[in-house]
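To start, the structure under review is shown below, and the notes come after it.
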2 protein chains.
Amino acid sequence: MPRTSTETPRERYRAQVRAEVKERAWEQIAAAGASALSLNAIAKQMGMSGPALYRYYGSRDELITELIRDAYRSLADAVRAADGDVTSLAYALRAWALADPHRYFLVYGTPVPGYHAPDDITAIASEIMARLLDAFAELPAGEARTPFDAHLDEHREWTDGHPAPSPAPRRALAFWTRLHGALSLELAGHFTGMGFDPALLFAAELESLGE
Amino acid sequence: MPRTSTETPRERYRAQVRAEVKERAWEQIAAAGASALSLNAIAKQMGMSGPALYRYYGSRDELITELIRDAYRSLADAVRAADGDVTSLAYALRAWALADPHRYFLVYGTPVPGYHAPDDITAIASEIMARLLDAFAELPAGEARTPFDAHLDEHREWTDGHPAPSPAPRRALAFWTRLHGALSLELAGHFTGMGFDPALLFAAELESLGE
DNA sequence: GAGCGGTCGTGATAGCCTCTAACAAACTCG
DNA sequence: CGAGTTTGTTAGAGGCTATCACGACCGCTC
């Protein structure tokens, strides 16, 4: 197999170790959530002693930020891989969330107080949003124009130049907030013991976006 | 002032210290979130040495559980104090959430992996749900019956004997998930920099429940 | 009022964590 | 081969949760 010539052996090794650290980190997160992530434990698991890991990640926060970045990227991939239409987007989102709930909460869960997302992460987020706007732009306009539509027409910074006409931004926002509402409560276990099927609730909410 | 005769001085003192601990805990949570809560720091703040606090709360988890319980109780109070109708319930919820976002996340945020809520907490949660069902039971039935309505009719464990007829449970669930979706994304800061007014999004989502 | 039992606060300690610093070993590349 | 960078080590500071043994104190009872 051909190797990239611009990559020194050291860089190769470094990248490999960083990747393995992330792997273990994901395992830990899946097992006990992001708050329980311990650089020390990862180091020991990999057979090296605590501080060695700091050669690869300057701090716990740096590692977590990298994991959040990867989570966003994988969500963007999942969304990109879905068919263009709204329904398949919704089920791609749901499948991605159910595949690893902790990863979902890393993106949409309780924020760390001081934390502010780096630019490249917000860029990925807006790519996902663009995909949503695409999907809704293709739908027929349909219903009546709401006051919130008017407000959104005057505040379209977030659509970042996307040409989707008037009802689409509102519907894209509703897609995001409604499905997040249903998904996050399901993943957080707030529906357990209630008896109904969360998948059907999700479907019903998705339905509500079509009307 | 008359004092309760069933209360010994020791018990009075104990209750007072426990209350002050909780106060400091809320301050810390408001400042840096629940994950940053430190029994040690609280003890020092109160002028006593670390382990002394363990006389009052057996563990950090026990304190947090108590805080979650209080959060649920205060939400139940807020909801109980609101007028019966759906709109005032929604704005009571929103006001309660905005008053202390970290408290909101304590209730509806990323779950701690091992954690399972004690019975009395789930009891409070179902009282809140009953209030919601009340509000929707008073509304005219209106629209067409959905497949999800049928599913809910067969799975009404969670309504806990509440007599609200068919469309009400679905609408109460939608109230919960939609408003939570909008609120939690707002509180987590996912709308910052997007330009639109989260209050108007909330209002629009609330509107969507009336139809 | 004296004594006694339970409660409360203390310091010491174990064990975990993050992260820094100084030092030794290993590897790359000229 | 040799020099410089990179990597890993141990030691240690300072934080945390939590347990334990001990002394001090308080309030109830006699």
Side-chain angles (χ1 to χ4, degrees), chain A residues 3-29 31-68 106 112-115, chain B residues 3-29 31-68 106 112-115:
Chain A
R3 62 132 96 165
T4 319
S5 60
T6 63
E7 221 180 31
T8 72
R10 277 231 156 103
E11 280 167 341
R12 287 171 58 84
Y13 177 70
R14 189 178 175 75
Q16 193 178 322
V17 173
R18 281 180 64 106
E20 186 178 346
V21 170
K22 276 203 288 199
E23 248 175 70
R24 310 278 182 161
W26 280 117
E27 287 170 22
Q28 276 199 16
I29 284 181
S35 62
L37 191 149
S38 151
L39 293 198
N40 228 318
I42 292 174
K44 275 180 196 163
Q45 227 175 13
M46 290 177 59
M48 55 177 164
S49 220
L53 245 172
Y54 285 79
R55 298 282 180 201
Y56 299 95
Y57 290 95
S59 72
R60 189 173 173 276
D61 269 20
E62 192 185 312
L63 173 57
I64 291 184
T65 298
E66 181 86 15
L67 295 172
I68 293 177
L106 214 51
V112 185
Y115 184 77
Chain B
R3 62 131 95 165
T4 319
S5 61
T6 62
E7 220 180 32
T8 72
R10 278 235 153 100
E11 280 167 342
R12 287 171 57 84
Y13 177 71
R14 187 177 175 76
Q16 192 178 322
V17 173
R18 280 179 67 105
E20 186 179 347
V21 170
K22 276 203 288 198
E23 248 175 70
R24 309 279 182 161
W26 280 118
E27 287 170 22
Q28 276 198 17
I29 284 181
S35 61
L37 191 149
S38 151
L39 293 200
N40 229 315
I42 292 175
K44 276 180 197 164
Q45 227 175 16
M46 290 177 60
M48 57 177 163
S49 219
L53 244 170
Y54 286 78
R55 298 278 180 206
Y56 300 95
Y57 291 95
S59 71
R60 190 174 174 275
D61 268 21
E62 191 184 313
L63 173 56
I64 291 184
T65 299
E66 182 85 16
L67 294 172
I68 293 176
L106 215 51
V112 186
Y115 184 77

Output a table of nitrogen or oxygen pairs between the protein and nucleotides 27-30 of chain D separated by less than 3.5 Å.
none

CA sep, side-chain torsions, deciding dist, call: A:Met48, A:Val17, side chain to side chain contact (heavy atoms under 4.5 Å, CB included): CA-CA 11 Å; A:Met48 55 177 164; A:Val17 173; 4.2 Å; yes
Contact letters for nucleotides 12-18 of chain D, in which S counts primed atoms plus P, OP1 and OP2 and B counts the base, heavy atoms under 4.0 Å: ----SBB
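The minimum heavy-atom distance linking B:Arg55 with B:Arg14 is given by the pair O-NH2, 2.9 Å. Across all their heavy atoms, B:Pro113 and A:Gly33 have their closest contact at CG-N, 3.8 Å. Here the closest non-hydrogen pair linking B:Lys22 and B:Tyr57 is CG-OH, 3.4 Å.
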N/O donor-acceptor pairs under 3.5 Å from side chains in residues 34-43 of chain B, not counting sequence neighbours:
{"from": "B:Ser38", "atom 1": "OG", "to": "B:Asn40", "atom 2": "N", "distance (Å)": "3.4"}
{"from": "B:Ser38", "atom 1": "OG", "to": "B:Ala41", "atom 2": "N", "distance (Å)": "2.9"}

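One distance of note links CD of A:Glu20 with CZ of A:Arg24; it measures 4.5 Å at 0.5 Å rounding. Here OG1 of B:Thr65 is found 4.0 Å from OH of B:Tyr115. Values are rounded to the nearest 0.5 Å. The line from CD of B:Gln45 to CG of B:Leu53 is 10.5 Å long, rounded to the nearest 0.5 Å.
Nucleotides of DNA chain C lying under 4.0 Å from heavy atoms of chain A occupy a range whose first and last members, 5' to 3', are C:dC17 to C:dC29.
As rounded to whole Å, 16 Å separates atom C1' of D:dC25 from atom CE of B:Met48. The interatomic distance linking B:Arg55 (CZ) with D:dC25 (P) rounds to 16 Å, in whole Å.
For the contact set between residues 13-28 of chain B and DNA chain D, defined by any heavy atom under 4.0 Å, there are no members.
A donor-acceptor pair under 3.5 Å is absent between the side-chain atoms of B:Tyr56 and the main chain of B:Ala19, judged by distance alone.
Evaluation of the side chain to side chain contact (heavy atoms under 4.5 Å, CB included) rule for B:Ile64 yields B:Arg60, B:Ile68 as partners, not counting sequence neighbours.
If you check every strand for non-hydrogen atoms under 4.0 Å, B:Tyr56 touches sugar and phosphate atoms only.
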